[in-house]
Structure formats: structure tokens, C-alpha cells
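Everything below concerns the one structure shown next.
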There are 2 protein chains.
Amino acid sequence: MSLQHAILGFLDLEPSTGYTLDQRFAGSVGSFWTATRSQIYRELHAAERAGRVRVEVVPQDGRPARKVYHLTEAGRAALADWLAEPVGPAQLRDPFLLKLVFSASAPPEVTDGLLAHLQAELEASRAEYAARLERPEIFTLARSEREALLWRLSIENGLAWCEAQLAWAARARAALAEEPPEGGCA
Amino acid sequence: MSLQHAILGFLDLEPSTGYTLDQRFAGSVGSFWTATRSQIYRELHAAERAGRVRVEVVPQDGRPARKVYHLTEAGRAALADWLAEPVGPAQLRDPFLLKLVFSASAPPEVTDGLLAHLQAELEASRAEYAARLERPEIFTLARSEREALLWRLSIENGLAWCEAQLAWAARARAALAEEPPEGGCA
DNA sequence: AGCGACATGTAAGCGGTTACATGATTCT
DNA sequence: AGAATCATGTAACCGCTTACATGTCGCT
């Protein structure tokens, strides 16, 4: 269960409420890990039951009390354990490739449309990654140069992925354009 | 639900049993989509209830009857619809990057170990992709040159991904090696 | 005697998504 | 007047994984 550990990771940087964690997920790690509120609240409760976090309730008037979660020693240990254990190979689940290989059953325009759509999307996310690298406020939580570097590298990873995919898509379209006759031509 | 559509895609290539589909998933699309038997049998039953496939029961002695599934017209239509609708952006869920960014909490060796481990795994899967491209028997189901090309492109996609990741990992390790002092040095 | 291929499934559980529910404050 | 922000959650559902259950045939 990576999500609970990611939460512990964020709480190690700064004690936070569920709401704030939601924003962190949408912001900083959003490109490679997402989480919804229900999930976050559920995991926070579970982590609390497991003794990995401690709640500090800060009453407010007119809105629900802020529940600020802090890492406990057990939580810190759980985080360290998770970091030490090796990650399995990231098996990616790519509905695009699935569609691509089966698109031979459909007219050629379908395949090309799929690729064109992919290119447009990749261009957009490439721009997003690039913009994110320019905005240094992303790294404000970083407690050291090294930590900031790691965050930057994670964004660069996404950027590299986009660029590789774009290069592949261009090659794919070119290769498909060269082979249209489908058995018979002029 | 991509899985049911992937099954329809395979059945369009060739009527098959659940068992055979399982092998197809493990083999040809295994690098970008996985499925377990329980899932496949369940989806086949669902597709049958939805009228998208038709079963032909072939009794055997000494072992369970083969249930050969065929696409119906409705199934073919469902496949075509799925192919025509655009795919959303592939949001990848990468536990490696998650661990990487939080590994600043741990000693530097942890981060480097993570990266080294990733490199080893990527090298292995790169070799696997490359080997798969060499083996033309992967494409035996292909009904045309174009179809074979699509399968080849799907493998090349994985290969490109591996190579981009490897390049990134090398850059990452170099960048991290240049920044060890953590605030104070000689 | 044991393993792998063939061939079917069920049951329990987990992680994730979507929809629902509540309600004040501040900005446009 | 309406939308966004802050702040908490519950319930239902869906897709996927893991473990369990059964049984023959052929190879080593």
C-alpha cells in the first residue's frame, strides 16, 4: 500500500490536515501518483489506528476543526522501512497501446486519429512539466538542496517520458503512412 | 472497462478459450496490460450476458470442456465503438518516483540504491523487449502487414520507454553524486 | 513420484473512483 | 448572486489481486 506511505512521507515534511494532503497530491506528486479525498481520509484513519500518526485537533469556529496529523516514531519507522524495501518494476497499464494494437480491425483513420490525439495530449503535458520546472515555489517544502533536486528529478522524469513518447508517436505515424496499401494499390 | 474490450479484440483475431486468452495476455500485450484468469473468466461471462460473445462448447474427455468464445455482431460493434472513442491521457502510477522523492528522509545510500535497482530492472526489460522484436512468431496472429506493424510498434513503444528511463536514471545518479555535501563539507 | 500443460471456475479482500452530505467565509 | 476555498467525512461500486478448489494427461 503505497498511498499510506506517501502520506507518511508528506507528514514527515510537515504536519498537515487531510485537506492539505489532498492539495499536495494534486500538486507536487500529481503527475505520477493521484489520490482522492475519501482515500486520504480513510488512510489517515487507518494510519492512526496503526499508531503511525497522531492527531492534534485545532478547533475553529464556523467550520470543522482542523485535524493536524503528525508522524509518530512508529510512523517514521514505517516510512524508513518502506523506503528501504526495493520497488518492483513499474508495470504500466496503457489503454492507448491496447487500443492501438486492436485498431487494425478498424479503418486506418482510426489508428491515425488515435496517434494524433496522443500527440496533442503529450504536447500539452510536456508543456505542463516544463512550466512546473520553471516555478521554484513547487520546491518550497524541500528541506535541503538535495531534496529539491529529487523533486526536480521527478518532474524531469515525466518530461523525459513525454519526449520519448512523442518521438515514438512521430515514428509510428511515419511508419504507418508508408504502409497504407493493405494488399493492393495502383 | 478496457479489459472486456481487449478480450473482444483478441476474439476478433481468433475465437479462443479463457485459458488461451490468459496466455495471450501474458504474452503479446503483457508489457502494457495484464489480466489474471479470474478476471478473464469473469469478463467472458459478462460479455456473454451482454450478448457480445457466443460460446461453443467442445466436450473433451478427462478434462473440462473447452468453451470457445466467438464474437457476435454486437461484440464487433462494441469493439468498433471502443476503438473510435478517444483514450484519456495515460496517468501513470509510479511507486518508484514516489519513493524517490521521499527518500531524502533516508540516508543518501537509499536513494542511490533505489536508482541502481531501477537501472538493473530497466536493463532487463530492455533486453526482453529487444528479444521480443527479434522473434517473429509473436506476430503470427497478425492478419496483415499493417497489423504486424502495429504489434511491432507497441513493443517499440516499451523499448523507447525503457531507454528514456535509463537515460534519465543515469543523469539522476550523476546529478546526485555531484551534490553530496548536504550543507557542509571541507 | 512430481511437475507442467490443459481447462474450468469461486471467494475474499484491497485499492481506487464517484457520488453524496454539510456548512461558513471570502472573493468576484 | 454565485463560485472558490477551507474542512470534514460516508456509501456504493468497480476493477484487480491472491488464494483456494478440481481433475486429467504426458513427460521426466
Side-chain angles (χ1 to χ4, degrees), chain A residues 1-8 10-11 15-27 29-30 32-50 53 55-69 82 87-95 98, chain B residues 1-8 10 15-27 29-30 32-50 53 55-69 82 88-95 98:
Chain A
M1 41 162 119
S2 291
L3 178 58
Q4 186 168 138
H5 293 104
I7 288 175
L8 298 180
F10 275 122
L11 293 181
S16 323
T17 64
Y19 188 85
T20 319
L21 286 170
D22 181 51
Q23 291 173 313
R24 300 251 181 274
F25 274 101
V29 299
F32 52 87
W33 204 272
T34 55
T36 56
R37 281 201 199 130
S38 4
Q39 234 179 319
I40 291 168
Y41 285 122
R42 203 207 286 152
E43 286 305 323
L44 279 173
H45 295 326
E48 198 191 352
R49 278 196 303 277
V53 298
V55 192
E56 177 199 352
V57 181
V58 183
Q60 302 180 114
D61 35 69
R63 56 181 65 173
R66 302 184 74 225
K67 293 189 171 179
V68 183
Y69 288 87
W82 174 69
V87 247
Q91 57 163 18
L92 53 97
R93 227 168 185 45
D94 192 341
L98 207 52
Chain B
M1 43 163 119
S2 292
L3 178 59
Q4 185 168 139
H5 293 104
I7 289 176
L8 297 180
F10 275 122
S16 323
T17 64
Y19 188 84
T20 318
L21 285 170
D22 181 52
Q23 291 172 312
R24 300 251 180 275
F25 274 101
V29 299
F32 52 87
W33 203 272
T34 56
T36 56
R37 280 197 199 134
S38 5
Q39 235 179 318
I40 291 168
Y41 286 122
R42 203 208 290 148
E43 286 305 323
L44 279 173
H45 295 326
E48 198 191 353
R49 278 194 304 277
V53 297
V55 191
E56 176 199 353
V57 181
V58 183
Q60 303 182 114
D61 35 70
R63 56 181 66 170
R66 301 184 76 223
K67 293 189 172 178
V68 182
Y69 289 87
W82 174 69
Q91 55 161 18
L92 54 98
R93 228 169 185 44
D94 192 342
L98 208 53

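Per chain, numbering begins at 1; letters A, B, ... match sequence-line order. Small disclaimer: the values here were computed from a predicted structure and weren't measured.
- Residue A:Leu98 contributes atom CG, which lies 10 Å from atom P of D:dC16 at whole-angstrom precision.
- Rounded to whole Å, the distance from CD1 on A:Ile40 to P on D:dT10 is 14 Å.
- For the pair A:Gln60 and D:dA7, the criterion of a side-chain N or O lying under 4.0 Å from OP1 or OP2 is met.
- Spacing between atom CG of A:Leu3 and atom C1' of C:dG16 amounts to 9 Å, rounded to whole angstrom units.
- Rounding to whole angstrom units, CZ of residue A:Arg24 and P of D:dC6 are separated by 11 Å.
- One distance of note links OH of A:Tyr69 with CG of A:Leu8; it measures 12.5 Å at 0.5 Å rounding.
- Here the side chains of A:Trp33 and A:Leu3 are in contact, with some heavy-atom distance below 4.5 Å.
- Using a 4.0 Å heavy-atom cutoff across all strands shown, B:Ala65 reaches sugar-phosphate atoms only and no base atom.
- By the salt bridge (charged side-chain N to carboxylate O under 4.0 Å, His left out) test, B:Arg66 pairs with no residue at all, sequence neighbours left out.
- Rounded to whole Å, atom C1' of D:dG9 lies 15 Å from atom CG of A:Leu21.
- Of the side-chain N and O atoms in A:Gln39, one or more sit less than 4.0 angstrom from OP1 or OP2 of C:dG16.
- Side-chain contact between A:Thr17 and A:Lys67 is absent, with no heavy-atom pair separated by less than 4.5 Å.
- Summarising the geometry, the separation between CZ on B:Arg37 and C1' on C:dA7 is reported as 8 Å, rounded to the nearest angstrom.
- In this model, the phosphate group of D:dT17 is approached by a side-chain N or O of B:Thr34 to a distance below 4.0 Å at OP1 or OP2.
- Considering only the side chain of B:Ser38, C:dT10 comes nearest among C:dT17, D:dC16, C:dT10.
- Across the helix from C:dA1-D:dT28 to C:dT28-D:dA1, the helix axis at one end is tilted relative to the axis at the other end by 40° (nearest 10 degrees, each axis from five pairs).
- Residue A:Gln23 has a polar side-chain atom (N or O) positioned under 4.0 Å from OP1 or OP2 of D:dC6.
- Residues B:Leu92 and A:Leu92 have side chains not in contact (no heavy-atom distance under 4.5 Å, counting atoms from C-beta outward).
- Out of C:dT8, C:dG15, D:dT8, the shortest distance to the side chain of A:Met1 is found at C:dG15.
- Summary of the strand contacts: A:Asp61 and A:Arg42 both lie near DNA chain C, and taking for each the nucleotide with the nearest heavy atom, the more 5' one is attributed to A:Arg42.
- Note on A:Tyr41: a side-chain N or O is less than 4.0 Å away from OP1 or OP2 of D:dT8.
- For B:Arg66, counting side-chain heavy atoms from C-beta on, the closest listed nucleotide (D:dT17, C:dG16, C:dA7) is C:dA7.
- A perpendicular orientation is assigned to the rings of B:Phe10 and B:Phe25, their planes being inclined by more than 60° (bins at 30° and 60°).
- For the pair B:Asp22 CG and C:dC6 P, the computed distance is 11 Å after rounding to whole Å.
- Side-chain nitrogen and oxygen atoms of A:Arg93 include at least one within less than 4.0 Å of the OP1 or OP2 phosphate oxygen of D:dC16.
- Considering only side-chain N and O atoms, A:Arg63 lies nowhere under 4.0 angstrom from the phosphate OP1 or OP2 of D:dT5.
- For the OP1/OP2 pair of D:dC6 and a distance below 4.0 Å, the side-chain nitrogens and oxygens of A:Tyr19 include at least one atom meeting the criterion.
- With contacts defined as side-chain heavy-atom distances shorter than 4.5 Å, the pair A:Leu44/A:Leu21 qualifies.
- Here the closest heavy-atom approach between residue B:Gly30 and residue B:Thr34 is recorded as O-CG2, 3.8 Å.
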